[in-house]
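Everything numeric in this text was worked out from a predicted model, so none of it was measured.
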Amino acid sequence: MQSLLFLALTTCFLLCHAGNKLPLVVLPPTLRWNSTNTITVTPLVIKNKKEVEAEFCVEDSLGSIYAREDVIWKAGVANSKHFYLTAPSSTPSSLPHELKVKLFLKGGHDRFETIVKTSTDLRVVHVFSDKAHYKSGEMVTVRALPLNVHNEMYAKEIEFVLINPGRFELLRRRSSSSNGRFVQTSLRLPQNLQYGEWKIEARALDSHEAAGTVYFNVHDYILPNFEVAMSVDQDTTDVKRVPVTV
């Protein structure tokens, strides 16, 4: 299985690079602000050169540079490049939503340039609901523990989105930690709704990527009746210690 996967990747690499001299570049799905990001670059072996001089640059659409460095990479070998992205603002909505990654490799390589989406340093949100089953019109209370890439408490606001079984987003609530330990909010279910499995997603502001999800069922259920029966021993003569059967 591994040999087949290697063969497929190699074939894809050769087809994609036929007719050009682009390096093989592996990018993360998003570039995270206030975090260390990593890309992997494999330069081609051209004219038996073992090393390739290169310039690495990350900038926004206005040309503002967030990372730049002159490097020397080994040809034909995967080289990892780590770089830190400092957010220019503490407000997530004002940050660039995408950045341009540019590579200039000497020695006959073509110029590499691509656009990568950005995201906050929110890594995961552990979300819990107060119940597993609800009826229409009930209030769903959730508690969440958001953590950043350093496993520290994420201090910015979290957006909670109520989604029905048809994947329609019905309600949104924003909340942040008030005690430095967890985030809490409540969302009320509609009176007329679709029964089935619902969910609440926790996201960073202005992001469509869920960092945490809690699932629960909504249906028309009736709580069972419970009765407690108690009987007193009528034959006892000790008024201070009366046997009671529950």
Side-chain angles (χ1 to χ4, degrees), residues 1-124 147-152 154 156 203-204 206-211:
M1 184 64 183
Q2 291 180 347
S3 59
L4 292 176
L5 179 60
F6 175 77
L7 178 61
L9 290 175
T10 304
T11 304
C12 180
F13 174 78
L14 294 176
L15 291 175
C16 291
H17 288 73
N20 61 42
K21 296 180 180 179
L22 285 171
L24 177 62
V25 182
V26 179
L27 297 164
T30 61
L31 296 177
R32 293 185 179 273
W33 293 108
N34 297 324
S35 304
T36 299
N37 299 269
T38 303
I39 68 170
T40 303
V41 181
T42 304
L44 302 178
V45 179
I46 301 177
K47 297 181 180 179
N48 296 324
K49 290 186 176 180
K50 296 182 178 180
E51 293 184 339
V52 177
E53 296 181 10
E55 178 185 336
F56 165 77
C57 181
V58 178
E59 62 182 34
D60 61 17
S61 59
L62 301 177
S64 299
I65 297 177
Y66 295 91
R68 184 191 177 281
E69 186 177 348
D70 294 325
V71 296
I72 297 178
W73 284 323
K74 292 184 178 180
V77 178
N79 303 266
S80 295
K81 173 59 185 172
H82 307 285
F83 59 97
Y84 191 88
L85 278 183
T86 302
S89 172
S90 60
T91 305
S93 58
S94 64
L95 296 175
H97 297 297
E98 59 185 23
L99 292 174
K100 184 182 296 184
V101 178
K102 302 164 67 175
L103 295 174
F104 307 94
L105 282 76
K106 298 181 180 180
H109 287 81
D110 292 338
R111 172 175 171 174
F112 177 87
E113 186 174 305
T114 189
I115 300 295
V116 183
K117 298 290 185 181
T118 63
S119 61
T120 66
D121 57 339
L122 176 64
R123 183 180 64 85
V124 66
L147 300 175
N148 61 19
V149 294
H150 307 292
N151 283 329
E152 299 171 345
Y154 183 78
K156 301 181 181 66
R203 308 169 181 171
D206 301 314
S207 173
H208 297 286
E209 181 182 354

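- Between atom CG of residue D121 and atom CH2 of residue W33 there is a gap of 11.5 Å, rounded to the nearest 0.5 Å.
- The two residues N37 and T30 have their closest heavy-atom pair at OD1-O, 4.1 Å.
- The CZ atom of R68 lies 10.0 Å from the NZ atom of K102; values are rounded to the nearest 0.5 Å.
- Expressed to the nearest 0.5 Å, how far CG of N34 lies from CG of L122 amounts to 12.5 Å.
- Counted by atom type alone, H82 and T36 present zero donor-acceptor pairs between their side chains at under 3.5 Å.
- With salt bridges taken as basic N to acidic carboxylate O contacts below 4.0 Å, none links R203 and E209.
- Across D110 and P23, no two heavy atoms sit closer than the pair O-CD, 4.1 Å.
- Taking both residues in full, the closest heavy atoms of P43 and V41 are given as CD-O, 3.5 Å, listed atom of the first, atom of the second, then distance.
- A salt bridge links R111 with E113: the closest approach of a Lys/Arg side-chain nitrogen to an acidic carboxylate oxygen falls below 4.0 angstrom.
- Minimum heavy-atom separation, L44 to A75: O-CB, 3.7 Å.
- In this structure, the separation between CD1 on I72 and CG on N79 is 11.0 Å, given to the nearest 0.5 Å.
- Closest approach of P29 and V116 over heavy atoms only: O-CG1, 4.1 Å.
- Note: K74 NZ to T42 OG1 = 13.0 Å, rounded to the nearest 0.5 Å.
- Between E98 and K117 a salt bridge is recorded (basic side-chain N to carboxylate O distance below 4.0 Å).
- The shortest side-chain heavy-atom distance between N148 and R123 does not fall under the 4.5 Å cut-off.
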*For T38 and V26, run side chain to side chain contact (heavy atoms under 4.5 Å, CB included): C-alpha distance rounded to whole Å, both residues' side-chain angles, the deciding distance at 0.1 Å, then the answer.*
CA-CA 9 Å; T38 303; V26 179; over 6 Å; no
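- With contacts defined as side-chain heavy-atom distances shorter than 4.5 Å, the pair V149/R32 qualifies.
- You'll find the side chain of C57 stays beyond 4.5 Å of the side chain of Y66, heavy atoms only.
- Scanning both residues, L105 and A54, for their nearest heavy atoms gives CG-CB, 3.8 Å.
- Between F112 and F104 the shortest side-chain heavy-atom distance does not fall below 4.5 Å.
- A distance of 7.5 Å separates CH2 of W73 from NZ of K81, quoted to the nearest 0.5 Å.
- For the pair T118 (side chain) and H97 (backbone), a donor-acceptor distance under 3.5 Å is present.
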